[in-house]
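Here is the structure we will look at.
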Amino acid sequence: MRAHGHLGVKAVHDALLRECGTDRSVRSIESQASRCHVSLRVQQMCPECGVVGVRLNRQSGLCPMCTEMMHLNEEIAFNEVLQAEREEKADEGDVAAIRRERDRMRQRNSRLCRKYGLKSRRDRRDGK
């Protein structure tokens, strides 16, 4: 009775019939449960962990602990996605290659300005 009491009188009746082969009336099951101080009130059970008697979250249908674990797992998965995107965008090797190319072009432009007496970028910006 204690094992199936949280499922209600019908579940206790079916379990007794299945396990013991005895067909008891609903009234006799209720009387015996009252004598043994066993509650036959139907209580919610978490489908994930099987804990009985806790309030289930309306959106997830899970107990508070399983709901928080689900949220934690979602955040961990999202963090992995973000880390992968960050590594794609800011690959140090690519940044260094671009910086080297820019430095090379600046040096080349500077040499051309000096060689042919052209205005440098700074001089062009200042309007000299």
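What you see below is based on every heavy atom in this structure, not just the backbone, and it leaves out hydrogens, waters and symmetry mates.
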_Please list all pairs meeting side chain to side chain donor-acceptor pair (under 3.5 Å) that have one or both residues in residues 99-109, counting only residues at least two apart or in different chains._
Glu101-Arg104

*Residue pair Arg124 / Lys119: nearest heavy atoms and the distance that separates them*: NE-O, 3.0 Å

*asked:* Can you list, by chain and residue number, the hydrophobic cluster partners of Val95 when the side-chain cut-off is 4.5 Å?
replied: none

_Atom pair CG/CE of Leu56 and Met45 - distance to nearest 0.5 Å_ = 9.5 Å

*Are Leu17 and Ile29 connected in a single hydrophobic cluster, I mean Ile/Leu/Val/Met/Phe/Trp/Tyr linked by side-chain heavy atoms less than 4.5 Å apart?*
no

*All side chain to side chain contact (heavy atoms under 4.5 Å, CB included) counterparts of Ser60, not counting sequence neighbours*: Asn57, Leu62, Thr67, Met70

_CZ-OG distance between Arg27 and Ser25, expressed to the nearest 0.5 angstrom_ = 8.5 Å

_Applying the side chain to side chain contact (heavy atoms under 4.5 Å, CB included) criterion to Lys10, which one of Asp14, Leu7, Val12 satisfies it?_
Asp14

*Compare every heavy atom of Arg24 with every heavy atom of Leu16, then report the nearest pair and how far apart it is.*
CD1-CD, 4.3 Å

*For Cys46 against Cys66, the heavy-atom pair lying closest together*: SG-SG, 3.7 Å

*To which residues is Leu112 joined in a hydrophobic cluster, defined by side-chain heavy-atom contacts under 4.5 Å among Ile, Leu, Val, Met, Phe, Trp and Tyr, whether direct or through other members?*
Tyr116, Leu118

_Contact list for residues 64-86, test salt bridge (charged side-chain N to carboxylate O under 4.0 Å, His left out), sequence neighbours left out_ = none

*Gly61 versus Pro47, closest heavy-atom pair with distance*: O-CD, 3.3 Å

*Where do Val42 and Gly8 come nearest, in terms of heavy atoms and distance?*
CG2-CA, 3.8 Å

_Pairs where residues 35-56 contributes a residue and the test side chain to side chain donor-acceptor pair (under 3.5 Å) is met, not counting sequence neighbours_ = Gln32-Arg35

